[in-house]
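Here the structure is a predicted model, which means the values were calculated and not measured. Labels below follow one simple rule: chain letters A, B, ... track the order of the sequence lines, proteins then strands, and each chain is numbered from 1.
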Amino acid sequence: MRKSLTLHLGLIALLFALQFIAPAYHHGNLARIMVMASFAMGYNIMFGYTGLLSLGHAMFFAVGMYGMGLSATQLGLSIGPAFGVGILSALICSLIVGLLALRTIGVAFMIVTLMFSQTIFLTILYFGGITRGDEGFVIKQSTRQIFGLDLSDATTRYFAALLLFSLVLLGILWLVKSPTGRVLIAIRENEERAKMLGYDVWRHKLAAVVMSGTVSGAAGAAYGVLFGYVGASFSQVPYSIFPLLWVLLGGAGTVIGPFVGTLFMFYLIDLSSTVTDAYMLVVGVILVLLTMFARNGLMGIVRERWAKWLP
Amino acid sequence: MAAVNLLSTRGLSRNFGGMKAVQNVDLDLQQGKIRALIGPNGAGKTTLVSMLCGRIPASSGTVTFLGQDVTDMPAHKRISMGMAYTFQITSIFDDLTVFENVALAVQHRLGRAAKQLKPEVLATLERVGLETRSDQVAGDLAYGHQRLLEIAMGLGQEPKLLILDEPTQGLSDGEIDEFIALIREVSANTTVLLIEHNISVVMALADAITVLNFGEIIAEGTPEEIHANPAVQAAYLGG
Amino acid sequence: MEFGPHLMLAMLEGLVQASVLTLTALGLSLVFGVMRVVNVAHGEFYMLGAVLAWWITSLLGGSALIEFTAALILAPLLVGLLAGLADWLILRRVDYDPERTIVATIGLLYIIQQVTLMTYGPDARPVAPPFNTRLALPWFEFGENGFALYWPWGLSTTSYKLFVILAAILTLIGVWLLMAKTKIGLILRATQLDSETAQAFGIPVERIYALVFGMGAALAALGAVLVVPIQQAHYLMGADPLLLSFIVVIIGGLGSLRGTVVAAILIGMSDGIISVFFTPTLAKMLATLLVAMVLVYRPQGLFGAKPA
Ligand SMILES: Nc1ncnc2c1ncn2[C@@H]1O[C@H](COP(=O)(O)OP(=O)(O)O)[C@@H](O)[C@H]1O
Ligand SMILES: [Mg+2]
């Protein structure tokens with residue numbers, strides 16, 4: 001416990017320090033990475049810890065983002081309450097999706113989540129009058145103010161992203177060390193046995209879906225707040241595939257894996273985009289290689305070889 | 001009435017397609033006793049106990065546990081009421097440590113009392129002699145040790161009714177002797193339903209024996225009575 | 001145009017859509033039925049079929065008929081080989097594990113799509129139809145002089161569209177004959193029922209899987225070659241057929257070939273008809289939701305029998 005707490009607090013401290021050390025170009029990148037890593041950590045609760053593979057997490061990200069964005073622009077809420085509405089929307093959405101999708105298992109579960117997510121995307125397009133469809137809408141700088149802080153300012157944005165990231169990271173660390181986290185892992189490992197030890201498997205899975213969707217929605221809402229843009233592309237299939245990719249790459253079922261995977265992919269795509277705009281090719285190749293050769297991802301390998309204690 | 005029935009079934013049956021795996025079973029388990037359930041392979045023993053703990057639903061009939069009709073109750077609730085089931089085909093969490101495996105069994109009973117978890121898990125491991133292996137990954141254990149872990153998970157739940165499905169399969173003679181001693185000790189405050197092929201284990205432990213053949217109870221009684229029963233002999237020799 | 005002729009036109013368009021969709025969905029269903037895996041890259045094999053058709057027709061000189069015939073044979077063959085190879089190199093190595101296969105085929109989807117973008121480019125390109133006679137169609141009315149036929153302006157189809165429908169029917173019959181009457185079909189059905197037993201009886205299951213995966217992709221490619229004189233080839237054109245095939249396979253009951261054909265005709269028709277009368281976004285939205293609900297409440301499909 002000591003070691004793992006040191007590791008995770010150390011990571012937060014390092015990111016804190018980077019704000020002062022790293023060149024300006026990386027500030028924007030890192031802020032984005034921390035928000036997206038929070039998205040991936042949310043995904044990891046379901047996929048990495050409970051063994052539920054969703055192909056529709058873009059919907060939670062988007063519902064959080066639109067819940068925030070629409071309530072700020074349409075209802076005129078200030079950014080704090082709007083952020084709260086975003087999170088609440090994602091919570092309700094994940095509860096409904098969980099109640100329905102958990103009636104299925106395996107491949108059917110994957111397809112159902114994909115279809116629900118696609119429905120959300122099409123709904124956003126259909127109500128183009130309010131959502132501005134494909135184009136999306138901008139959240140004005142004058143709206144993105146809280147406690148006298150300007151969230152569009154690069155430094156403030158960095159620290160806000162770090163705050164979200166730290167809360168999610170430590171929250172998940174606490175979760176996986178808690179009795180509930182232990183049961184989620186048990187369900188992933190052997191559902192039948194978990195049931196025969198007296199655990200209500202269905203209820204735990206539902207809890208995992210709701211926690212996962214809500215965290216992912218919070219990341220979506222934060223993305224809208226910090227980068228000032230809300231768009232339908234965030235509800236499309238690639239944004240369901242990204243968290244899967246980041247988690248697989250960094251290590252499913254590890255607390256820092258999603259961050260490592262997000263960081264790695266971001267800079268890989270950043271580098272490859274100087275060579276070609278077909279950057280999704282890199283995504284494709286890495287997905288295939290990961291499934292074939294490194295199922296446990298980078299941190300999974302670290303855990304196997306060097307650090308069995310890694311949570 | 002001296003003996004209290006912890007669990008009873010009436011007319012309990014289960015079909016798989018057209019095949020009647022268990023037919024019309026009336027079974028009463030007296031509190032605090034060790035009951036052995038024997039019968040040839042495929043007699044329906046696993047199917048019967050799976051209906052008791054809710055792992056598979058009954059086709060017809062009822063199960064009563066602690067005076068309550070639990071026939072339609074999902075498995076996890078029955079377990080929470082005080083049943084434990086150890087699998088015939090070892091079912092443990094392969095990728096977790098021995099400690100975590102037993103912790104999962106103990107934790108459910110303790111609820112929020114997290115402080116007690118570690119000492120209770122270690123105490124449970126000690127009862128089956130796995131205390132030195134608590135940090136090993138369960139899937140790496142030898143087969144016999146995995147069987148012991150399976151039993152430890154049952155013990156860790158401190159159930160009122162412990163159902164053991166062929167627990168001694170794959171244990172060495174020495175381990176079987178320890179197992180017999182362990183179950184004797186457990187039975188002081190637990191009712192045990194034991195499916196067992198090893199007749200010497202049955203004779204050493206059972207207060208009463210139920211014999212199942214082709215899904216039906218063909219005999220029930222004390223070990224001596226069963227030993228002398230011609231129908232049982234026929235089932236074993238003929239089957 | 002009046003309602004009657006308009007509906008008839010919509011149904012004809014729907015039938016063309018349904019024909020192509022039937023082939024594409026049949027490929028997906030075959031793969032799922034026999035191998036129990038979901039091929040997310042299916043739409044990209046469709047797209048490859050269309051792009052290869054463009055390539056073949058523009059490389060070959062000669063009459064439109066010869067070019068097109070070459071494309072009709074070569075494009076599905078090449079796509080089938082490529083898919084078989086992908087199966088052998090990738091899916092076989094992940095043991096056809098359903099979840100890992102989905103992730104791997106997602107990777108494959110992006111690889112195929114992006115390599116096409118890098119080589120073929122972002123443009124949509126047409127392929128000339130081999131023949132394209134306009135055929136006017138009659139409609140009827142009950143006028144003052146009783147029943148009369150007339151030719152409403154705009155109610156017409158082309159010989160090529162009728163050919164698409166015919167080609168799809170012939171392919172269906174071919175696949176059915178293959179499955180029902182040949183030794184290969186018997187082996188496929190045996191593998192579908194129980195791959196382990198099939199293996200024990202000496203059926204080379206891995207090779208059968210590569211064959212099936214290739215066949216599934218080739219069917220999608222065939223559908224695409226047929227459609228490309230009507231729709232043009234584009235590197236992103238695989239998304240819609242993938243979604244629609246998913247819908248068809250799920251509504252028809254996962255892995256049931258007959259259900260797939262019925263559902264494809266139904267959905268292809270209604271998609272064609274609905275998109276004439278409604279906004280396509282709403283139609284897609286409702287269809288997607290319907291599919292999700294079917295999976296949740298009737299996982300055996302609308303036409304499948306309830307499992308005992
Ligand atoms: N899930 C099942 N589906 C079909 N048949 C089953 C199933 N489980 C058990 N059976 C059949 O029921 C009969 C009883 O099996 P079981 O209860 O495992 O016997 P035992 O434990 O006494 O060896 C056997 O003939 C077995 O093949
Ligand atoms: Mg048995």
A:R193 side-chain N/O to B:S91 backbone N/O, donor-acceptor pair under 3.5 Å: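 At least one qualifying donor-acceptor pair exists.
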
Taking the side chain as C-beta and beyond, is there a heavy-atom pair between [X] and [Y] under 4.5 Å?
| X | Y | value |
| --- | --- | --- |
| B:H76 | A:V201 | no |
| B:R55 | A:E192 | yes |
| A:L197 | B:F93 | yes |

Nearest 0.5 angstrom please: [X] [atom1] to [Y] [atom2], how far?
| X | Y | atom1 | atom2 | result |
| --- | --- | --- | --- | --- |
| A:K308 | B:T97 | NZ | OG1 | 11.5 Å |
| B:E100 | A:R182 | CD | CZ | 4.0 Å |
| A:R188 | B:L96 | CZ | CG | 7.0 Å |
| A:N190 | B:F87 | CG | CZ | 7.0 Å |

For residues B:S80 and A:G198, report the shortest heavy-atom separation together with the two atoms involved.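 For B:S80 and A:G198, the tightest heavy-atom pair comes out as OG-O, 3.4 Å.
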
Would you say [atom1] of [X] has more than 12 non-hydrogen atoms from neighbouring residues, nucleotides or ligands within 6.0 angstrom?
| X | atom1 | result |
| --- | --- | --- |
| B:R10 | CZ | yes |
| A:W174 | CH2 | no |
| A:F266 | CZ | yes |
| A:L14 | CG | yes |
| B:D72 | CG | no |
| A:L167 | CG | yes |

Contact residues of residues 101-108 of chain B (partner chain A; heavy-atom separation under 4.5 angstrom):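 Expected list: B:A103, B:L104, B:A105, B:Q107, B:H108.
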
Using atom types as modelled, flag every donor-acceptor pair under 3.5 Å from a side chain in residues 114-125 of chain B to any protein atom, sequence neighbours excluded.
| residue | atom | partner | partner atom | Å |
| --- | --- | --- | --- | --- |
| B:E120 | OE1 | B:R109 | NH1 | 3.1 |
| B:E120 | OE1 | B:R109 | NH2 | 2.9 |
| B:T124 | OG1 | B:E120 | O | 2.7 |

